Amino acid sequence: MDPERERLTGFANPAPPAFPPPKSWRTPRRAACPDCGTVSGIRACPVCHTPLPAGFADSRSPLIGVVGGKNAGKTVYTTVLVHELRHTIRRRFDADISFAGEQAGMGTAQWLERYEQALFDDRALFESTAGSADGVRIPLVVQWRQPRTRFGREVHSTTTLSFYDAAGEDMTTQEFVNRQAYLSAADGMIVLLDPFQLPGTADRIELPDVGRRDAEPPINVLTRITGLLRAGLADRRRISTPIAVVFSKIDAFFGMLGEQHPLLRPPVAGPYYDEAAGQDTDEHLRALLADLGADDIDAHLRAHYQTFRYFAVSSLGAEPDYGRKRIDPAGVRPFRVDEPLLWLLSHFGVIERSRA
């Protein structure tokens, strides 16, 4: 057992011992265990001792936090996004996508398969994600390898993406948020906000029962996350971490917006992030926030963040039956779920970005 790993991640299964490498001017690729002398080339996180994928230190490896308020749909979004990574996005970018690391004592693929089966095969919603104090919260690690042209020749570059799906319950108080130490280390963040809780929504659409209970104004969630990220930052400076502000469940607004609304026209798919379409979506969502009396969200983001962008997504493509926890009979039809991640990847230089 590794007490430190169990304390930080909840992983309580037997695991090989973790030990620091010998001091050197650079990190060695292999090191001998100081106790038994066995040589190992498996790297581990120096903090939580979770095994890292091969080549982790040699690749651009952004940690991407997926956070938001309770009932914002983070686990459904993450499951659908990774499903899209392994299928549609993989083909779109001619990329190789593979899993790395462990997830609650079983392979990541098996962990994800359980959620994918519920959504795509059983067409059923699953229960809320357990809080970090009560359940195992280990990042979902994905390796992205794709061909790139450098100086007229094709090369392959590898990026390790780590997604951490924090339970909504972890965002309900500043104390809980402050326990999410990974947030301050995240290179980029996808923050899902529940549009059902925007001030003017109840006057514009018919809210399901799930949208009327456990109400948490999105501005409260943002304020708590900002409070953590601003720790140690001079008051005059804005937070440099790029933040994708995602309004989930946009399918509930399809009727209100109308078929010809620009938000319902996804950009043309290509092996790049469409900057022009992204800017257009950002502006229309900013206008929608003002229309719904939620412009305080935009004021907060402008005051505290250097780089942010708005997105509207539907993980399922149609409203589910929340009471019966059943997905639309037509199945899962993801709508624009890839755009927040692709925007971040283009910001990190992992993929190309088209000109505005």
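Note that the numbering runs from 1 along the sequence shown for the chain. What you see is a predicted model, and the numbers here were worked out from it, not measured in a lab. As a basis for the values below, the full set of heavy atoms in this structure was taken, side chains included, without hydrogen atoms, waters or symmetry mates.
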Validation row: [X], [Y] side chains within 4.5 angstrom (heavy atoms):
X      : Y      : value
Val246 : Leu193 : no
Tyr77  : Val337 : yes
His261 : Met256 : no
Val221 : Ile219 : no
Thr241 : Gln306 : no
Tyr305 : Ser240 : no
Phe348 : Asp187 : yes
Glu319 : Lys249 : no

If you round to the nearest 0.5 Å, how far is [atom2] of [Y] from [atom1] of [X]?
X      : Y      : atom1 : atom2 : value
Arg204 : Leu288 : CZ    : CG    : 7.5 Å
Ile89  : Glu84  : CD1   : CD    : 6.0 Å
Thr226 : Ile239 : OG1   : CD1   : 5.0 Å
Arg238 : Leu229 : CZ    : CG    : 14.5 Å
His300 : Ile225 : NE2   : CD1   : 8.5 Å
Arg265 : Gln260 : CZ    : CD    : 7.0 Å

Residues [X], [Y]: salt bridge by 4.0 Å N-O rule:
X      : Y      : value
Arg123 : Asp328 : no
Asp282 : Arg286 : yes
Arg90  : Asp96  : no

Phe308 and Tyr310 aromatic ring geometry - parallel, tilted or perpendicular at 30°/60° bounds: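 Ring orientation, 0 to 90° scale: perpendicular.
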With sequence neighbours excluded, tell me which residues meet side chain to side chain contact (heavy atoms under 4.5 Å, CB included) with Asp121.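 Asp121 satisfies side chain to side chain contact (heavy atoms under 4.5 Å, CB included) with Gln117 only.
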Might you point out which heavy atoms bring [X] and [Y] nearest each other, and give the distance in Å?
X      : Y      : value
Gly278 : Tyr273 : CA-OH, 3.2 Å
Gly73  : Leu192 : O-CD2, 3.8 Å
Ile351 : Tyr272 : CD1-C, 4.5 Å
Val332 : Ser315 : CG1-O, 3.5 Å
Pro199 : Leu292 : CB-O, 3.7 Å
Ala277 : Pro267 : CB-CB, 3.5 Å

Does the [X] side chain pair with the main chain of [Y], one donor and one acceptor, at a distance under 3.5 Å?
X      : Y      : answer
Arg309 : Val245 : no
Thr201 : Gln197 : no
Thr159 : Val350 : no
Arg230 : Arg237 : yes

Please assess Ile243 against Thr307 for the test side-chain contact (heavy atoms from CB on, under 4.5 Å), listing each intermediate value before the final yes or no. CA-CA 7 Å; Ile243 179 172; Thr307 306; over 6 Å; no
Can you check side-chain contact (heavy atoms from CB on, under 4.5 Å) on Leu316 and Arg333, steps first, answer last? CA-CA 5 Å; Leu316 304 177; Arg333 306 185 301 279; over 6 Å; no
Are Glu283 and Gln279 close enough, and set up right, to give a side chain to side chain donor-acceptor pair (under 3.5 Å), and what steps lead you there? CA-CA 6 Å; Glu283 290 298 326; Gln279 289 184 8; over 6 Å; no
Residue Glu352 excluded, over 12 heavy atoms near CD under 6.0 Å: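 No, the 6.0 Å shell around CD holds no more than 12 heavy atoms from other groups.
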Might you work through the side-chain contact (heavy atoms from CB on, under 4.5 Å) test for Asn220 and Leu222, ending with a clear yes or no? CA-CA 5 Å; Asn220 291 3; Leu222 276 175; over 6 Å; no
Ring pair (Phe, Tyr, Trp, His ring centres under 6.0 Å) between Tyr115 and Phe120, worked out: CA-CA 9 Å; Tyr115 290 97; Phe120 291 87; over 10 Å; no
Taking the six-membered ring for Trp, are Phe247 and Phe196 closer than 6.0 Å centroid to centroid?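 No: the rings miss the under 6.0 Å criterion.
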Val82/Glu116 under side-chain contact (heavy atoms from CB on, under 4.5 Å): CA gap, chis, key distance, verdict: CA-CA 10 Å; Val82 176; Glu116 285 188 323; 5.6 Å; no
Let me check something: any side-chain donor-acceptor pairs from residues 338-346 under 3.5 Å, sequence neighbours excluded? List them with distances.
from, atom 1, to, atom 2, distance (Å)
Asp338, OD2, Arg92, NH1, 2.9
Glu339, OE1, Arg336, NH2, 3.1
Glu339, OE2, Arg336, NE, 2.4
Glu339, OE2, Arg336, NH2, 3.4
Ser346, OG, Leu342, O, 3.4
Ser346, OG, Trp343, O, 2.7
Ser346, OG, Arg353, NE, 3.0
Ser346, OG, Arg353, NH2, 2.9

